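Let me begin by presenting the structure, written as C-alpha cells, before commenting on it.
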There are 2 protein chains.
Amino acid sequence: MICNSYKSFFKILADDCKLNVINLLSKGPLTVSELCKKLGCEQSRISHCLQALKKFGFVASQVRGKHRIYSLEPKIMIPLLKLIDEHVEKYHRNLCNCKGVRWREMK
Amino acid sequence: MICNSYKSFFKILADDCKLNVINLLSKGPLTVSELCKKLGCEQSRISHCLQALKKFGFVASQVRGKHRIYSLEPKIMIPLLKLIDEHVEKYHRNLCNCKGVRWREMK
DNA sequence: ACAACATATGATTCTAGCTTCATATGATAT
DNA sequence: ATATCATATGAAGCTAGAATCATATGTTGT
C-alpha cells in the first residue's frame with residue numbers, strides 16, 4: 001500500500017457515470033458519441049469520465065477517423081469485475097442501498 | 001453489474017481513514033482503541049469507518065471482554081489488495097496524485 | 001480554406017459523505 | 001448498583017470532486 005494511490009484507485013471508480021461507461025465497454029469498444037447516446041447524457045460528461053478512466057489505466061483509446069474508440073483494459077478490469085461480482089452477490093442487500101434506483105438509471 | 005452495488009463497493013473504500021484501517025488490519029487483528037492510537041485519530045472516526053467496512057463485508061469483528069477485535073475478511077481483501085498492488089505499480093505516477101502526502105499521514 | 005462533425009478541456013456550481021462533537025450503549029470490576 | 005473503560009451512534013457543518021456550461025481542439029470532406 002503506497003501513498004494514496006489506493007484512494008485514487010477507488011475514488012475514480014466510485015461514480016455512477018464511470019461505472020455505466022465501464023458496464024457498456026465490458027460488452028465491447030464504443031465511441032464517445034455512442035456512449036452518450038446509450039447512456040442518454042451529455043458529451044462533456046462522458047469525455048470527463050473517459051479522461052479519468054484513461055489516465056488511471058482502466059480504459060484505452062484508439063483514433064478511427066474523427067471518432068475515438070474506447071475499450072476496457074482487460075488485464076485489470078476483467079479480474080476486478082469478477083472479484084466484485086462475487087462479493088456483491090454476498091453483500092448485495094447492504095451494498096445496494098439504492099432507493100428504487102436501478103443500474104443504468106443515472107440521475 | 002447490478003444496481004449501484006458497484007458504486008457503494010468503491011465509495012466505501014475511497015477514503016483515507018478506511019484505507020489506513022485496512023492497511024493496519026492487513027498485518028493482523030486490532031481493537032478500536034489500538035487502531036486509534038496507531039493512526040493518531042479520534043475513536044468515533046475509527047468506529048464510523050469500521051461500521052461501514054463491516055456492513056459491506058470488508059472486515060469482521062469479535063468481542064473480547066470490553067474490547068472488540070476487528071480483522072480483515074481475507075476472502076475479498078487478499079485478492080483485492082493484490083490486484084490493486086499490481087495495477088498501482090504500473091500507474092503509480094498517475095494514481096499517486098499526492099502533493100507530498102505519504103501513506104498513513106491523514107489530514 | 002472553410003464548414004461540419006467529434007471530442008477534449010476549463011471554470012463554476014452543487015452535493016454526497018467524511019469529520020467532528022455530543023451522547024448513548026455495553027462490559028467489567030468492586 | 002455504580003463507576004469506569006471501550007465502543008457505537010446521531011446530527012450538523014465542511015470539503016472534494018461530479019455535473020454543467022462554454023469553449024477549444026482535432027479531423028474529414030468539399
Side-chain angles (χ1 to χ4, degrees), chain A residues 4 6-22 25 29-56 58-71 94-95 97-99 101 105-107, chain B residues 4 6-22 25 29-56 58-71 94-95 97-99 101 105-107:
Chain A
N4 42 17
Y6 269 68
K7 188 173 78 171
S8 301
F9 184 99
F10 291 117
K11 209 155 240 172
I12 295 303
L13 297 172
D15 175 63
D16 274 325
C17 192
K18 298 199 192 82
L19 288 172
N20 277 292
V21 166
I22 287 170
L25 293 183
L30 291 169
T31 67
V32 177
S33 44
E34 287 171 330
L35 285 166
C36 290
K37 192 171 279 180
K38 294 205 183 215
L39 291 172
C41 71
E42 269 198 315
Q43 176 265 319
S44 70
R45 190 177 171 191
I46 298 292
S47 273
H48 278 298
C49 288
L50 287 168
Q51 293 332 297
L53 290 172
K54 189 180 180 188
K55 182 178 177 195
F56 296 112
F58 298 114
V59 306
S61 75
Q62 141 190 41
V63 181
R64 176 94 63 111
K66 41 183 169 174
H67 294 267
R68 189 171 280 263
I69 300 170
Y70 283 86
S71 54
N94 295 332
L95 282 164
N97 58 350
C98 50
K99 304 122 188 165
V101 184
E105 293 176 338
M106 299 187 296
K107 59 174 181 181
Chain B
N4 42 17
Y6 269 69
K7 189 173 76 172
S8 301
F9 184 99
F10 291 117
K11 210 157 241 172
I12 296 301
L13 297 171
D15 175 62
D16 274 325
C17 192
K18 299 201 191 81
L19 288 173
N20 278 291
V21 165
I22 287 170
L25 292 183
L30 290 170
T31 67
V32 178
S33 44
E34 286 170 332
L35 285 166
C36 290
K37 192 171 278 181
K38 294 205 183 214
L39 290 172
C41 69
E42 270 199 312
Q43 176 266 318
S44 71
R45 190 177 173 192
I46 299 292
S47 273
H48 278 299
C49 288
L50 287 168
Q51 295 329 299
L53 290 173
K54 190 180 179 188
K55 182 178 177 196
F56 296 111
F58 298 115
V59 306
S61 75
Q62 142 191 40
V63 180
R64 176 94 63 111
K66 41 184 171 178
H67 294 266
R68 191 171 278 265
I69 300 170
Y70 283 87
S71 54
N94 294 333
L95 283 164
N97 57 349
C98 49
K99 303 120 185 168
V101 184
E105 294 176 336
M106 298 187 295
K107 59 173 178 182

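To find a chain, count down the sequence lines: A is the first, B the second, and so on, and within it residues start at 1. If you're wondering where the values come from, they're calculated on a predicted model, not measured in any experiment.
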Could you go through nucleotides 28-30 of chain D and list every protein N or O atom that sits under 3.5 Å from one of its N or O atoms, giving the distance for each pair?
none

Between the protein and nucleotides 21-23 of chain D, are there any N/O to N/O pairs under 3.5 Å, and if so, what are the atom names and distances?
{"from": "D/dC21", "atom 1": "N4", "to": "A/Ser44", "atom 2": "OG", "distance (Å)": "3.0"}

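Of the candidate nucleotides C/dT19, C/dG17, D/dG17, D/dG17 has the atom nearest to the side chain of A/Lys11.
Computed from coordinates, the A/Leu19 CG to D/dA18 P distance equals 11 Å when rounded to whole Å. For the pair A/Ile46 CD1 and D/dA18 C1', the computed distance is 13 Å after rounding to whole Å. Computed from coordinates, the A/Gln62 CD to D/dT27 C1' distance equals 16 Å when rounded to whole Å. With rounding to whole Å, B/Asn20 atom CG is found 10 Å from C/dT19 atom P. One interatomic measurement links the two molecules: NZ of A/Lys18 to P of C/dA16, which rounds to 15 Å at whole-angstrom precision. Between the CG atom of B/Leu53 and the P atom of C/dG17 there is a distance of 15 Å, given to the nearest Å. When rounded to the nearest whole Å, the span between CG of B/Leu39 and C1' of C/dT19 equals 15 Å. At whole-Å resolution of the value, NE2 in B/His67 and C1' in D/dT4 are 12 Å apart.
Closest heavy-atom contact between A/Cys17 and A/Arg45: SG-NE, 3.9 Å. Nearest heavy-atom pair, A/Asp16 versus B/Lys7, reported as atom, atom and distance to 0.1 Å: OD2-NZ, 3.0 Å.
How far CG of B/Leu39 is from CD of B/Glu34: 11.5 Å, rounded to the nearest 0.5 Å. Separating the OH atom in B/Tyr6 from the CG atom in A/Leu13 is a distance of 11.0 Å, to the nearest 0.5 Å. We find the NZ-CZ distance between B/Lys18 and B/Phe56 to be 9.0 Å, quoted to the nearest 0.5 Å.
Legend: residues meeting side-chain hydrogen bond (donor to acceptor under 3.5 Å, both in side chains) with A/Ser33, ordered by chain and number and at least two apart, are A/Thr31. Every residue two or more places apart in sequence or in another chain that forms a side chain to side chain contact (heavy atoms under 4.5 Å, CB included) with B/Gln51 is listed here: B/Tyr70. Partners of B/Gln43 under the side-chain hydrogen bond (donor to acceptor under 3.5 Å, both in side chains) rule, at least two apart in sequence or in another chain, are B/Ser47.
Using a 4.5 Å heavy-atom cutoff, the side chains of A/Ser61 and A/Leu50 are not in contact.
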For this session: Could you go through the side chain to side chain contact (heavy atoms under 4.5 Å, CB included) check for A/Leu25 and A/Leu53 one step at a time?
Result: CA-CA 12 Å; A/Leu25 293 183; A/Leu53 290 172; 5.8 Å; no
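OP1 or OP2 of D/dT9 has not a single side-chain nitrogen or oxygen of B/Ser47 nearer than 4.0 Å. In this structure, A/Tyr70 does not reach the C/dA6 phosphate: none of its side-chain N or O atoms is under 4.0 Å from OP1 or OP2.
Using a 30° and 60° split on the angle between ring planes, B/Phe58 and B/Phe9 fall in the perpendicular class, above 60°.
Where the helix from C/dA1-D/dT30 to C/dT30-D/dA1 starts and where it ends, the local axes point in directions that differ by 30°; five pairs per end, rounded to 10°.
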